[in-house]
Number of protein chains: 2
Amino acid sequence: MLEAKKVLKKSNLRPTSQRVAIVDYILQKNKVHITAAKLITHFKNKNISISLATIYNNLNELADKGILRKFYVNNDKMWFDSNLQDHYHFYDSEKDELIDIDKNEISFSKSPKIPDGKIKDSINIIINLKNKN
Amino acid sequence: MLEAKKVLKKSNLRPTSQRVAIVDYILQKNKVHITAAKLITHFKNKNISISLATIYNNLNELADKGILRKFYVNNDKMWFDSNLQDHYHFYDSEKDELIDIDKNEISFSKSPKIPDGKIKDSINIIINLKNKN
DNA sequence: TTATAGTTTAGAATCATTCTAATAATCTAA
DNA sequence: TTAGATTATTAGAATGATTCTAAACTATAA
Ligand SMILES: [Mn+2]
Ligand SMILES: [Mn+2]
Ligand SMILES: [Zn+2]
Ligand SMILES: [Zn+2]
């Protein structure tokens, strides 16, 4: 069975052609940072037509299932990340591109005290890059 | 002269009633995290009417002048921060509220290598909080 | 004063994302 | 293998935050 189909089956998602295409893409390039717009463009270039609503539905579903991770970077674009490891990002605004920073490339020697009654949910670290000079 | 007016004068911004109201608010509560929507509500409660466009115009202008700092938190809301120190944030999604983390409450013992041809522009660290249990 | 440049505003426009509700595909039990 | 039920896809409308437009207003300096 196609790897993409296995992934979908394991998450109880029907292997529609659209889903297979999306999961396939994610599996092929491992460690992807995707945006709905980027995905649509990718599929358009390959003459695969998937509606924007479906792209969003599925990326969100995959995030719900824990196959992708979802977050936002600075502006109001939603990003999906197939790297499930704990990690951080450089953001290259020139290219509108994220670059992974491995968890062990940043170490904290001191961490702030969490406010009373609360616990840490997730940490977002984004280092915004600009061109030298 | 009113403190707010001095601030505006120093930045070459005409002290209109709307601007004075906004800067006044920022000066009174020092260290504020504001959102256009929050400001509008605040002024509505005090029966001061300032249009949404003006709120945005002025918050953005104040950010341009370096009187506020502008950034985004997770979702697509724009935040303005009157704390100009280098610092980070907790985000309490329950209350839709930011809490400052002083720069010296986090220390890095290891920092990632910046990609070639690039330099660090800014760092965003947001620790998302959720309620205990 | 008055002319000019700067400001405010209502409402339209934009853009990313979600919703709606009609249609289509997949699955399952018999 | 089907029929019926369930789940997915889709076009297009709706939403919400922000910005734009262009007309009316205000501050300022001469
Ligand atoms: Mn939005
Ligand atoms: Mn937006
Ligand atoms: Zn990543
Ligand atoms: Zn702050």
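Below, read A as the first sequence line, B as the second, and so on, with proteins coming before strands; counting in each chain starts at 1.
Ring centroid separation for the pair A:H42 and A:Y25 comes in under the 6.0 Å cut-off.
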What verdict does the side-chain contact (heavy atoms from CB on, under 4.5 Å) test give for B:K118 and A:F90, after you've listed the backbone C-alpha separation in whole Å, the side-chain angles of each residue and the deciding distance to 0.1 Å? CA-CA 10 Å; B:K118 298 284 173 181; A:F90 289 116; over 6 Å; no
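A donor-acceptor pair under 3.5 Å links the side-chain atoms of A:R19 to the main chain of A:R14, judged by distance alone.
The separation between B:L13 atom CG and C:dG6 atom P is 11 Å, rounded to whole Å. Taking atom CD1 on B:I55 and atom C1' on C:dT7, their separation rounds to 14 Å, with Å as the unit. Spacing between atom CD of B:E61 and atom P of C:dG6 amounts to 11 Å, rounded to whole angstrom units. One can place NZ of B:K5 at 9 Å from P of D:dA27, the figure rounded to the nearest angstrom. In this entry the distance linking OH of B:Y72 with P of D:dA17 reads 13 Å, nearest Å. In this structure, the CG atom of A:N57 is 9 Å from the P atom of C:dC19, given to the nearest Å. If you take NZ of B:K77 and P of D:dG16, they are 12 Å apart, rounded to a whole angstrom. Between the CD1 atom of B:I22 and the C1' atom of C:dT9 there is a distance of 13 Å, rounded to whole Å.
Residue B:N60 is in sugar-phosphate contact alone, with no base atom involved, counting any heavy-atom pair closer than 4.0 Å across all strands shown. At the heavy-atom level, B:I50 lies under 4.0 Å from the strands shown only through sugar-phosphate atoms. The residue A:T54 sits close to a base: some heavy atom pair falls under 4.0 Å.
Closest contact between the side chain of A:K70 and the listed nucleotides C:dT18, D:dT19, D:dT10 involves C:dT18. Distances were taken from every side-chain heavy atom of A:M78 (C-beta onward) to each of C:dT7, D:dT19, C:dT18; the shortest belongs to C:dT18. The listed nucleotides are D:dG12, C:dT26, D:dA27; the one nearest the side chain of A:A53 is D:dG12. For A:T16, the side-chain atoms get nearest to D:dT9 when compared with the rest of D:dA27, C:dT7, D:dT9.
Aromatic ring orientation, A:F108 versus B:F108: tilted (interplanar angle from 30° to 60°).
Residues from residues 38-48 of chain B that place a heavy atom under 4.0 Å from any atom of DNA chain C: there are none.
Toward the 5' end of DNA chain D, the nearer of the two residues B:T35 and B:P15, judged by each one's closest nucleotide, is B:T35.
Contact annotation: B:R14 side-chain N/O to D:dT28 OP1/OP2 distance is not under 4.0 Å. Between A:S17 and C:dA25 there is no side-chain polar atom (N or O) within less than 4.0 angstrom of OP1 or OP2. Residue A:N58 places at least one side-chain N or O under 4.0 Å from the OP1 or OP2 atom of D:dT9. Contact check, B:Q18 against C:dT9: a side-chain N or O comes under 4.0 Å of OP1 or OP2.
Of the options A:L62, A:I55, A:I26, A:L98, a side-chain contact (heavy atoms from CB on, under 4.5 Å) to A:I34 is made by A:I26 and by none of the others. Applying side-chain contact (heavy atoms from CB on, under 4.5 Å) to B:W79 and the options B:T35, B:L68, B:L59 leaves one that passes, B:T35.
Salt bridge absent: B:K130 and B:E94 never bring a charged side-chain N and a carboxylate O closer than 4.0 Å.
B:N60 and B:K70 share a donor-acceptor pair across their side chains, judged by distance under 3.5 Å alone.
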